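Because the structure is a prediction, the values reported are computed rather than measured. Sequence lines set the chain letters: A, B, ... in the order given, protein chains first and strands last, and positions in each chain run from 1.
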2 protein chains.
Amino acid sequence: MTMTLRELDQRMDLFRSRCMERGLALTHQRWVIYRILAGTDKHLTPEAAFGQIRKQIPSISLATVYKNIKTFLDVGLLQEVGTSGQMMRLDANLDPHHHLVCVRCKAIQDLSAEGLRPVRLKGRLPKGFRVERFNVTFLGLCGQCSPRYTASTRH
Amino acid sequence: MTMTLRELDQRMDLFRSRCMERGLALTHQRWVIYRILAGTDKHLTPEAAFGQIRKQIPSISLATVYKNIKTFLDVGLLQEVGTSGQMMRLDANLDPHHHLVCVRCKAIQDLSAEGLRPVRLKGRLPKGFRVERFNVTFLGLCGQCSPRYTASTRH
DNA sequence: GTATATGCAAAACCTTTGCTATAGT
DNA sequence: ACTATAGCAAAGGTTTTGCATATAC
């Protein structure tokens with residue numbers, strides 16, 4: 001866990017002010033849902049978040065979690081990580097950054113944009129395309145899954 | 001359409017030889033499914049491909065299309081483009097390349113790896129992570145969707 | 001008090017699976 | 001002939017929707 005409490009507090013402050021700006025009610029559920037998503041760097045799936053959230057609000061419904069995730073995506077409090085096919089992966093890190101994706105266990109780690117030399121185009125983009133942002137995805141095996149370790153490990 | 005007939009023929013040659021190597025039967029369905037997917041640079045969804053394929057084989061079933069897509073992914077005749085959430089997007093371009101994704105209409109265009117100066121790390125990757133490959137996704141608005149055009153266009 | 005959000009159940013959507021018949025080698 | 005594949009229908013998993021009740025403002 002690289003997330004400090006101070007960083008989480010900052011995220012929750014942003015959450016509160018963004019909700020007020022957008023006229024979103026500060027419900028207990030909404031608060032807890034965002035706190036779980038913002039309090040980890042693991043890029044949770046909705047299902048996984050639901051599991052955590054339910055520990056705090058046993059009566060919460062999965063639909064509420066989904067509805068709020070959608071709201072958070074709409075107002076820019078959350079981003080979706082582009083994965084292939086499977087479940088939605090959520091990211092409350094709003095700073096420019098990239099991703100390391102383990103092709104085996106599907107873990108996703110962040111890599112700060114400062115960790116990379118600027119990406120630069122050689123030529124020209126297709127006519128008319130306006131880039132808003134970009135992100136680099138590194139695919140490979142994480143420490144847990146890389147052969148060095150798995151060779152001596154039961155699967 | 002940037003795909004030439006010659007390029008498509010090359011892809012179909014690879015398809016044939018890869019099937020033989022792997023002991024995959026060259027059925028009419030399999031051939032047509034791959035030809036549709038390999039004959040466009042639009043990164044079709046399974047559903048969209050099914051629509052095209054059905055024009056040539058009206059009796060084909062969607063399950064057959066899915067099964068073959070999975071097979072093609074397994075044997076490396078196809079790759080999946082990492083999108084956020086929605087449907088699977090397929091890519092028969094096996095050369096190193098990146099993607100331009102329109103956030104509005106979801107169109108995906110290829111950008112050859114030569115179009116980009118090499119991506120380079122400044123620091124070190126998280127301990128133990130072994131990169132196999134990487135890809136850059138540029139998000140923005142395509143020519144069709146960019147404000148310049150939409151301002152004078154009905155939605 | 002009014003608007004918005006929750007919870008529930010049902011639906012929608014995309015993808016996979018099991019099985020029998022059919023086609024490829 | 002033997003093995004792999006197609007087609008069908010049914011199931012599986014994820015996400016969305018509609019509506020009545022409850023909560024925030």
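What separates CD of A/Gln56 from P of C/dT6 is a distance of 15 Å, to the nearest Å. Atom pair B/Leu90:CG and C/dC14:P shows a separation of 14 Å (rounding to whole Å applied). Rounded to an integer number of Å, the gap from CD1 of B/Ile53 to C1' of D/dA6 is 13 Å. Between the CG atom of B/Leu26 and the C1' atom of C/dT25 there is a distance of 10 Å, given to the nearest Å. Note: CG (A/Leu44) to C1' (D/dT15) measures 17 Å, nearest angstrom. Atom CZ in A/Phe50 sits about 13 Å away from atom P in C/dT6, given to the nearest Å. The distance from atom OH of A/Tyr66 to atom C1' of C/dA12 is 13 Å, rounded to the nearest whole Å. For the pair A/Leu62 CG and C/dA11 P, the interatomic distance rounds to 18 Å; values are reported in whole Å.
Within a 6.0 Å sphere centred on NZ of B/Lys42, other residues, nucleotides and ligands contribute 12 heavy atoms or fewer.
With distances taken from any side-chain atom of B/Ser61 to the nucleotides D/dC19, D/dG7, D/dT5, the minimum falls on D/dG7. Here the nucleotide nearest the side chain of A/Thr64, chosen from D/dG7, C/dT6, C/dA9, is C/dT6. Nearest nucleotide to the side chain of A/Met87, out of D/dT15, C/dT16, C/dT15: D/dT15. Distances from the side chain of A/Arg30 to the nucleotides C/dG24, C/dT6, C/dT15 place C/dT6 closest. When each of C/dT15, C/dC19, D/dT5 is scored by its nearest atom to the side-chain atoms of B/Leu24, the top-ranked nucleotide is D/dT5. Comparing D/dG7, C/dT17, D/dG18 against the side chain of A/Lys67 picks out D/dG18 as the nearest. Relative to the side chain of A/Ile60, the nucleotides C/dG7, C/dT17, D/dT17 differ in distance, and C/dG7 lies closest.
Axis angle between the ends of the helix from C/dG1-D/dC25 to C/dT25-D/dA1, five pairs each and rounded to 10 degrees, works out to 40°.
The main-chain N or O of A/Cys19 is never found under 3.5 Å from a side-chain atom of A/Arg30 such that the two would form a donor-acceptor pair.
Taking CG from A/Leu141 and CG from A/Leu100, the interatomic distance works out to 12.0 Å, rounded to the nearest 0.5 Å.
No side-chain N or O of B/Thr45 forms a donor-acceptor pair with one of B/Glu47 less than 3.5 Å apart. Side-chain N/O atoms of B/His98 and B/Asp110 include no donor and acceptor closer than 3.5 Å.
Ring-plane geometry between B/Phe15 and B/Tyr34 is classed as parallel, the angle between the planes falling under 30 degrees on a 0 to 90 degree scale with a further cut at 60.
Salt bridge status for A/Asp13 with A/Arg16: present, with a side-chain N to carboxylate O gap under 4.0 Å.
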